[in-house]
Amino acid sequence: MNGYLIFILALLVFSWLISLIVETLNVRNLSTEIPAEFQGVYDDEKYAQSQRYLKDNTRFGQVQAGIMLPLTIAFILLGGFRWINNLAQAASEHMIVQGLVFGGILILIGQIIGLPFSIYSTFVIEEKYGFNKTTWKTFVLDILKGLLLTVLLGAPIFALILWIFSSVANAWLWAWGALSVIQLFILFIAPVVILPLFNKFTPLEAGELRSEIEEFADAQKYKLSGIFKIDGSKRSTKSNAYFTGFGKTKRIALFDTLIEKHTTGELVGVLAHEIGHCKLGHIKKSIVISLASSLMMFFILSLFITKGGLYAAFGIDSTPLYAGLIFFGFLYAPISMILGIAGNILSRKHEFEADAFAAETTNEPGEMISALKKLSVDNLSNLTPHPLKVFLEYSHPPVLERIKALRGFETTNSH
Ligand SMILES: [Zn+2]
C-alpha cells in the first residue's frame, strides 16, 4: 500500500478521534450549578437550556463527522478522484481548464453533501432555540452568492496559481507573492464590495450612542472611518460586533441585535474593545503571521507537488497539478492544525489585551463585564468549556476568564 495513502488515512481517523474525545470531555464538563458570576443573570431554566443547546450541537457535530469520515475514506479508496480527473481530462485538452472542471466538480460535490447538514443546523437546531431568523429565500440566496463569489474570485485565482506552477521557475515563491497581493486586495475591498452582498450596512445614526462613541474615539486619538449597523437580525437573533478592512475601508460593524439589547455604556465598552484590537496592532500582526505561514505552506507544497506517490495515493497515475494542489491539502492537515492552535493561543492573548484596553480607556470595566454577560446569555454560550477544547479550538478565552481579568481593573478605580 502507498505510504502517502496510509499516512493520509491515519490522519483522517486520528483527527476524527481527537475531536470525539474533546467533544465528549466538553459535554462531561457541564455542571448544573450556575457559576457565581452568572447567578441572577441566568435563571435555572435558561441555564439548563444553554446546556441542552450545547449537547444538541455536539451530537449533531458527531453525527456529521461520523458520516463524513467513512464517506471521505470511501471516496478516496474507490477512486472518486480518479473519476473526476477523467471527467476533467475529457472536458478539455488544456490543463488550466481541466483544473477548473476538477475543482468545480469537487466544490459542487462538497456543496451537495454539506447542504442537508446546513439545513438541519439552521432550520432545526437554531430554530428550536429561537435563534433562527433565516428565511428559505435568504438561505438559498446565501448559497448562490457564495457560489458566485467562488466563480468570480476563486476560479481566476486557482487558474493563476496553476499557470504560475506550470510556467515559472521558483513557482512556489511567485504563487505566494501573487496570492498575498490578491488576499490583501480582497481584505481591502471586502467591506465595500463583498460583505454588503450578504448584509446591509447603514452608518450608525446620529444620537447618544454615536456621539459617545465619537467622544471615546477622539479621546483615544483614534480616527474613526466608519461605524456601521448591520442587519444581523436577517439571519439570527445572536449578536456580535466586528472590525473589518484596513486603511480607507476600515470600519466597525455592530449587529442591530447587539444595539437593541445593550445600553450605551456597554456598547461603548464593546467598541473600545474593537478599537483596542486596532490600536494594539493585533490586525497588522495577524496579517503578517498569515502571510508568513502561507509562505511556509507554499514552500512545503513545492516539495510534494511533483511526487508521483501522492497522486497514486488517490488513484491517479499521472501528476496533474490541479489535483496535486487538492491532495496536498490532505497531507498538510497536521501542520495546519498546529498552526491553527498557535493562532488560537495568540488570538486569546489578543482578546485579553483588547479587554484590558477597553477597561483602562473607558475606566468602566463593569460595562464590559455586563456586556459580556448579556452576550453569553443571549447566545447561550457554554460557560464551562473543557480546557482541552479551549486550548485546541477557542479563539476567545472562556467568558468567565475574561470577566475575572476585567474584575482586576475594578479594584483600581472607584466604580
Ligand atoms: Zn476581540
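Start at 1 and go down the list; that is how both ligands and their atoms are numbered. Values reported hereafter were calculated over all heavy atoms of this structure, with side chains retained and with hydrogens, waters and symmetry mates removed.
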Checklist entry - Does H277 put an N, O or S atom under 2.8 Å from the Zn ion (ligand 1)? => result yes

Next on the checklist: Parallel, tilted or perpendicular: which one describes the rings of W136 and F123, with boundaries at 30° and 60°?
Outcome noted: parallel

Next on the checklist: Under 6.0 Å from the ring centre and within 45 degrees of the ring axis: does the NZ or CZ of R251 meet both conditions for the six-membered ring of F201?
Outcome noted: yes

Checklist entry - Do you see an N/O/S atom of H273, backbone or side chain, under 2.8 Å from the Zn ion (ligand 1)? => result yes

Checklist entry - Once the angle between the rings of F165 and F298 is folded into 0 to 90°, is it parallel (under 30°), tilted (30 to 60°) or perpendicular (over 60°)? => result parallel

Item to check | the Zn ion (ligand 1) contact by E274, N, O or S atom under 2.8 Å | outcome: no

Item to check | Test: K145 cationic atom under 6.0 Å from F198 six-membered ring centre, within 45° of axis | outcome: yes

Item to check | N, O or S atom within E351 nearest to the Zn ion (ligand 1), by name | outcome: OE1

